[in-house]
Amino acid sequence: MIPAPPAPKYPPGTRLRVTQTVRVGHRLWTTRVEGVVEKDGYRPVGGMEMGGKASYVLQPTIRLRRDDGEVTVVALDENSLVEPLA
């Protein structure tokens with residue numbers, strides 16, 4: 001039996017700052033995005049080649065609307081820093 005995904009952590013309308021750091025060789029690349037949560041959820045990882053695994057291998061994501069109107073979806077991992085803003 002496939003379990004249902006957990007409830008969203010960040011309700012729509014919450015303002016967040018997401019900071020992610022990626023190590024590339026000896027360098028660290030940092031990216032930061034701020035916006036208002038439109039949707040907090042999970043998306044399947046993989047595709048048809050994974051068969052049924054795509055239905056239970058899920059990646060947490062947050063859909064944000066930035067101040068300039070751009071919509072971006074951020075895939076979260078264990079190194080992502082998510083800060084609620086006032």
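The figures here come from the full heavy-atom set of this structure, side chains too, leaving out hydrogens, waters and symmetry mates.
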Minimum heavy-atom separation for [X] and [Y], please, with both atom names.
X     : Y     : result
Thr61 : Tyr42 : OG1-N, 4.2 Å
Ser80 : Ala75 : OG-O, 4.4 Å
Pro11 : Thr14 : O-OG1, 2.8 Å

Exercise for the section: Flag yes if Val33 and Val36 sit in one hydrophobic cluster, no otherwise; membership is Ile, Leu, Val, Met, Phe, Trp, Tyr, and two members link when side-chain heavy atoms are under 4.5 Å apart. Expected result: no

Under a 4.5 Å cut-off applied to non-hydrogen side-chain atoms, are [X] and [Y] in contact?
X     : Y     : answer
Gln20 : Val74 : yes
Val37 : Arg15 : no
Glu34 : Arg66 : no
Arg63 : Val71 : yes
Val18 : Leu76 : yes
Tyr10 : Ile62 : yes

Problem - Under 3.5 Å side-chain donor-acceptor pair for Thr19 and Arg32 - result: yes

Fill in the blank from the handout: Rounded to the nearest 0.5 Å, the CG atom of Asn79 sits from the CZ atom of Arg23 at a distance of 11.5 Å

Exercise for the section: Without swapping roles, check the side chain of Asp40 against the backbone of Lys9 for a donor-acceptor pair under 3.5 Å. Expected result: yes

